[in-house]
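Contents: one structure, followed by commentary.
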Amino acid sequence: TGVVFSPDSTIDSIPLNTFFNDRNLKFIEFSDSITSIGMTAFQYTGLTDLVLPKNLREIGGSAFSGTNLNTVKTANGASGLSSISYGAFSCDTLKVLEIPMRDLTYLDPRAIQSISIETIQSTNGYGIFTVPNDPGRTNWIFKSESESSLDLVSIPLNQGAEIQVPEGVTSISAQAGLLRSNEYVLSLPASLERIDGSFAGSKLVGIVFAEGSKTVSYTHLTLPTIR
């Protein structure tokens, strides 16, 4: 069973729970008019491969979680995707995710969860990717806004109490460790230049700077009590 939108469709969103738990839904062809996919819109459906519409702007929480997705790509010329919410691609079968990330302003730290993930790639010049040989739910997630920048977006939840941020990272989003339930110390790389946002409310208890570190700038930085 599948759904095919007419090319001249004017429907611009797939609302909350539209196809929720429809295991018979095996494929869908979107029209270019779709700009928003709502929370749990395709959760627990039978989708296996997917091409997202070129003008998509938002993907809601758990939109495709619990599906059998193997590959997710986007239509040629896609741009403007700005938000991917919690659990949007929480499906253990997902191996390849290729979406436009240049305009991405919000990526929930747990938006992409798969024990099978092999490739996370941007289709329009910027990228989010995982550290090689870091399988399963242990993914580091980064956002690269230029050839010389690498922003740490999410720290793996299964890391120990002392977390070594990989060399090459130039900035850290403070939300990176917010989902951790245990106290942790961050060991920062010499390449780090900037910390964005607030660590208030996180379990961060210490920061270690690498020998030869550059001056680190910050925006709206608030730290919890560090011992």
*Who pairs with Thr18 by side-chain hydrogen bond (donor to acceptor under 3.5 Å, both in side chains), at least two apart in sequence or on another chain?*
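Partners of Thr18 under the side-chain hydrogen bond (donor to acceptor under 3.5 Å, both in side chains) test: none.
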*Partners passing side-chain hydrogen bond (donor to acceptor under 3.5 Å, both in side chains) against Thr74 (at least two apart in sequence or in another chain)*: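 Thr74: no side-chain hydrogen bond (donor to acceptor under 3.5 Å, both in side chains) contacts found.
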Backbone N/O of [Y] and side chain of [X]: donor-acceptor pair under 3.5 Å:
{"X": "Arg57", "Y": "Ile37", "result": "no"}
{"X": "Ser33", "Y": "Ser9", "result": "yes"}
{"X": "Glu98", "Y": "Lys73", "result": "no"}

Closest contact, heavy atoms only, [X] versus [Y]:
{"X": "Pro189", "Y": "Ala210", "result": "C-CB, 3.9 Å"}
{"X": "Ser85", "Y": "Ala111", "result": "O-CB, 3.4 Å"}
{"X": "Ala88", "Y": "Gly60", "result": "CB-O, 3.7 Å"}

*Only one of Phe27, Tyr44, Phe42, Phe64 forms a ring-ring contact (aromatic ring centres under 6.0 Å, His included) with Phe19, so which one is it?*
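Output: one option passes, namely Phe42.
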*Given Asn70, Thr67, Thr71, Asn68, the one that forms side-chain contact (heavy atoms from CB on, under 4.5 Å) with Thr48*: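 Per the side-chain contact (heavy atoms from CB on, under 4.5 Å) rule, the option paired with Thr48 is Asn68, out of Asn70, Thr67, Thr71, Asn68.
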*Of Val169, Ile163, Ile207, which is the lone residue that meets side-chain contact (heavy atoms from CB on, under 4.5 Å) with Leu188?*
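Only one of Val169, Ile163, Ile207 forms a side-chain contact (heavy atoms from CB on, under 4.5 Å) with Leu188, namely Ile207.
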*Would Ile34 and Leu69 show up in the same hydrophobic cluster when neighbours are defined by side-chain heavy atoms closer than 4.5 Å?*
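They do share one cluster, since a chain of ILVMFWY contacts under 4.5 Å joins Ile34 to Leu69.
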_Phe30 and Leu56, any side-chain heavy atoms less than 4.5 Å apart_ =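 No, side chains not in contact.
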